[in-house]
Protein chains: 2
Amino acid sequence: MLPKYKVVYEDMKNKLKNHVYESNEKIPDGGSLAIDYGCSKLTVAKALDLLVQEGMLIRRQGSGTYVKENFPSRTTIDLEHLSGYSKKFGKKHLKSTVIEFSIITPTTEIAKRLNIIDEFVYKILRLRSVDNIPQILEETYMPIYVIPGLKEKHLEESIYDYINNELGFKIQSAHVSIRGEKANSNDKKHLNLTDYDFVMEIEKIAFLENGKIFEYSKTHHKYESFEFNTVLVNNI
Amino acid sequence: MLPKYKVVYEDMKNKLKNHVYESNEKIPDGGSLAIDYGCSKLTVAKALDLLVQEGMLIRRQGSGTYVKENFPSRTTIDLEHLSGYSKKFGKKHLKSTVIEFSIITPTTEIAKRLNIIDEFVYKILRLRSVDNIPQILEETYMPIYVIPGLKEKHLEESIYDYINNELGFKIQSAHVSIRGEKANSNDKKHLNLTDYDFVMEIEKIAFLENGKIFEYSKTHHKYESFEFNTVLVNNI
DNA sequence: AAGTGGTCTAGACCACACT
DNA sequence: GTGTGGTCTAGACCACTTG
């Protein structure tokens with residue numbers, strides 16, 4: 001059962017996508033929408049505030065709620081396909097090649113990122129290719145006690161599907177850093193790069209809903225196929 | 001007069017920074033905090049939800065609200081110093097050199113981004129240096145009818161200060177894309193780069209609270225001094 | 001069963017924009 | 001003055017976890 005504010009949110013989002021309300025247009029006021037949807041004004045406000053965060057609306061006290069001009073069509077950020085390649089390529093032609101899959105004692109740095117002491121972790125090195133062209137080199141560490149039973153077959157498909165569907169865990173959030181780096185020897189080898197090439201590095205610490213860190217990863221992307229989009233909103 | 005939920009938000013944020021509540025610790029429940037702060041539970045929830053968005057707390061239905069382990073010390077994103085260099089360098093040693101400042105008829109592409117027709121725009125090319133080392137090359141376009149009266153002296157300091165303090169406008173949001181690019185001829189010239197160097201490109205469309213787009217910019221950063229940090233939270 | 005967060009209401013009052 | 005969004009309350013009920 002979807003809560004009401006999400007019903008309103010989804011409906012408004014569709015109306016915006018389908019240009020029921022146009023760029024720069026003022027949408028009906030909160031009171032009217034509350035009557036239309038049969039809910040309170042606060043519920044409408046909660047829904048519209050989500051769309052403000054996503055960069056589709058502007059709400060002006062004393063004036064009204066307006067559709068942003070020119071707003072980019074932006075899908076909800078997907079934690080797995082964070083980097084944007086799923087938008088460009090789709091899942092169909094994406095292939096994962098496992099380069100290394102082992103259980104190790106983590107280095108001090110990795111243990112610190114995962115916030116663990118005296119725990120073993122999976123080390124996973126994967127190459128992800130689109131139409132057989134290597135695009136992403138992925139180095140992932142996960143504590144085995146948080147994600148038990150991970151097998152190589154899961155790596156060839158989606159680790160996140162295993163966590164969500166088979167283990168029944170949900171992902172709460174991810175803290176990411178994005179930067180550029182010169183290609184290292186692994187990058188050159190697996191992504192077919194040269195001394196003068198560079199990659200986009202995404203460093204990520206990911207949390208489950210139970211509060212546990214389940215993943216620390218560094219992902220190297222060919223720069224040509226990487227772009228990160230976001231909306232920054234002045235809240236506070 | 002700060003609204004109550006922001007008072008609660010600021011107070012809780014300070015408590016987290018000062019380790020009044022430790023990593024992984026459960027903080028008091030919403031009802032207790034409401035009594036402590038002399039407000040309703042909803043007001044507490046609104047404050048705590050902000051901290052969830054910022055990656056400092058996790059709220060688990062049926063369980064409680066917990067301090068995230070290992071959470072990065074993250075300052076609120078600053079739209080001007082978005083790129084993170086202000087954190088690294090501070091404002092003190094930052095210098096701006098104006099390379100070009102003119103009023104032009106925008107290209108079709110720029111007019112499209114700014115969502116204008118038949119309007120003149122400022123074109124601004126600035127080089128920003130830290131301790132006299134050039135770090136950032138900035139190409140900015142602003143419609144003159146949105147930002148009237150901009151002078152060269154404002155460019156040497158902060159355009160945003162002019163907009164906020166002298167014009168009295170507030171910035172609502174910015175839509176940004178981040179990617180890596182090979183250094184172009186301008187980059188090589190002004191950032192002292194070579195054929196084999198690359199830069200981080202930030203493309204930005206920025207909105208005022210009145211809904212108008214006031215800026216379209218492309219900023220090129222030396223990759224060594226650029227990092228973008230964010231927290232992605234599963235909301236919906 | 002008890003505790004906690006999530007959703008929702010109906011209404012109130014305020015701050016602000018526009019006319 | 002009228003309309004709009006922003007804040008806030010007191011309380012209700014539900015969903016979920018197990019402190």
Side-chain angles (χ1 to χ4, degrees), chain A residues 1-10 12 21 24-53 56-68 168-170 172-173 208-212 233-236, chain B residues 1-12 21-22 24-53 56-68 168-170 172-173 208-212 233-236:
Chain A
M1 180 58 179
L2 220 56
K4 278 190 192 177
Y5 78 91
K6 283 187 190 172
V7 174
V8 177
Y9 161 81
E10 294 291 352
M12 283 300 310
Y21 303 119
N24 275 322
E25 188 178 340
K26 183 175 172 172
I27 71 170
D29 68 275
S32 311
L33 290 174
I35 294 169
D36 291 351
Y37 286 112
C39 66
S40 76
K41 289 198 293 180
L42 207 65
T43 301
V44 169
K46 198 167 175 176
L48 297 186
D49 283 346
L50 284 173
L51 294 166
V52 171
Q53 287 306 315
M56 296 198 262
L57 294 177
I58 296 185
R59 282 160 76 71
R60 296 164 55 196
Q61 190 172 25
S63 177
T65 300
Y66 300 84
V67 182
K68 247 182 180 172
F169 296 155
K170 281 186 182 166
Q172 191 265 343
S173 64
L208 294 175
E209 275 195 340
N210 67 13
K212 288 200 170 65
V233 180
N234 249 341
N235 292 310
I236 306 168
Chain B
M1 180 59 176
L2 219 54
K4 278 189 191 178
Y5 79 92
K6 283 187 189 172
V7 174
V8 178
Y9 161 80
E10 294 290 353
D11 188 70
M12 282 301 311
Y21 303 119
E22 296 290 349
N24 275 322
E25 189 179 337
K26 183 175 170 172
I27 72 169
D29 67 275
S32 311
L33 289 173
I35 294 169
D36 291 352
Y37 286 112
C39 67
S40 76
K41 289 198 291 178
L42 207 65
T43 301
V44 169
K46 196 166 175 177
L48 297 186
D49 283 346
L50 284 172
L51 295 166
V52 171
Q53 288 305 318
M56 295 198 260
L57 294 177
I58 296 185
R59 283 160 76 72
R60 296 164 56 197
Q61 190 173 25
S63 176
T65 300
Y66 300 84
V67 182
K68 246 181 181 173
F169 296 155
K170 281 184 183 168
Q172 191 264 347
S173 63
L208 295 176
E209 275 196 340
N210 66 13
K212 288 201 170 64
V233 180
N234 248 341
N235 292 311
I236 306 169

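Chain naming here is simple, since letters A, B, ... match the order of the sequence lines and numbering starts at 1 in each.
Here D:dT9 presents its P atom at 13 Å from CD1 of B:Ile35, a figure rounded to the nearest Å. Remark: C1' of D:dT4 and CZ of A:Arg59 are 9 Å apart, rounded to the nearest angstrom. Taking atom CD on A:Gln61 and atom P on C:dC16, their separation rounds to 6 Å, with Å as the unit. The nearest whole Å value for the distance from the NZ atom in B:Lys4 to the P atom in C:dA12 is 18 Å. Here D:dT7 presents its P atom at 14 Å from CG of B:Asp49, a figure rounded to the nearest Å. As a whole-Å value, the separation of B:Lys41 NZ from D:dA12 C1' is 9 Å. Rounded to an integer number of Å, the gap from A:Leu48 CG to D:dT4 P is 14 Å. In this structure, the NZ atom of B:Lys46 is 11 Å from the P atom of D:dT9, given to the nearest Å.
For the pair A:Leu33/A:Val8, no side-chain contact is recorded, criterion being any heavy-atom separation below 4.5 Å from C-beta on.
The side chain of B:Thr65 places no N or O atom within less than 4.0 Å of a non-bridging phosphate oxygen (OP1 or OP2) of C:dT4. Proximity of A:Ser63 to the phosphate of C:dC16: no side-chain N or O atom is located under 4.0 Å from OP1 or OP2. Within the structure, a side-chain polar atom (N or O) of B:Arg60 is placed less than 4.0 Å from OP1 or OP2 of D:dT18.
Partner of B:Thr65 under the side-chain contact (heavy atoms from CB on, under 4.5 Å) criterion, out of B:Met12, B:Lys26, B:Arg59, B:Arg60: B:Arg59 alone.
Residue A:Gly30 is classed as a sugar-phosphate contact, given heavy-atom separations below 4.0 Å to backbone atoms only. Across all strands, B:Lys26 comes closer than 4.0 Å to base atoms (heavy-atom distances). Base contact: B:Ser40 has a heavy atom under 4.0 Å from a base atom. Nucleic acid contact for A:Tyr66: none, since no nucleic acid atom lies under 4.0 Å from a heavy atom of the residue.
Atom NZ in B:Lys46 sits 14.0 Å away from atom CG in B:Leu51 (nearest 0.5 Å). Here CG of A:Leu48 is found 12.5 Å from NZ of A:Lys41. Values are rounded to the nearest 0.5 Å.
In a base pair of the Watson-Crick type (N1 to N3 plus N6-O4 or O6-N4) or a G-U wobble (N1-O2 and O6-N3), with each distance short of 3.5 Å, D:dC8 is matched with C:dG11.
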> Given B:Glu209 and B:Gln172, is the side chain to side chain contact (heavy atoms under 4.5 Å, CB included) satisfied, shown in steps?
Replying inline: CA-CA 5 Å; B:Glu209 275 196 340; B:Gln172 191 264 347; 4.1 Å; yes

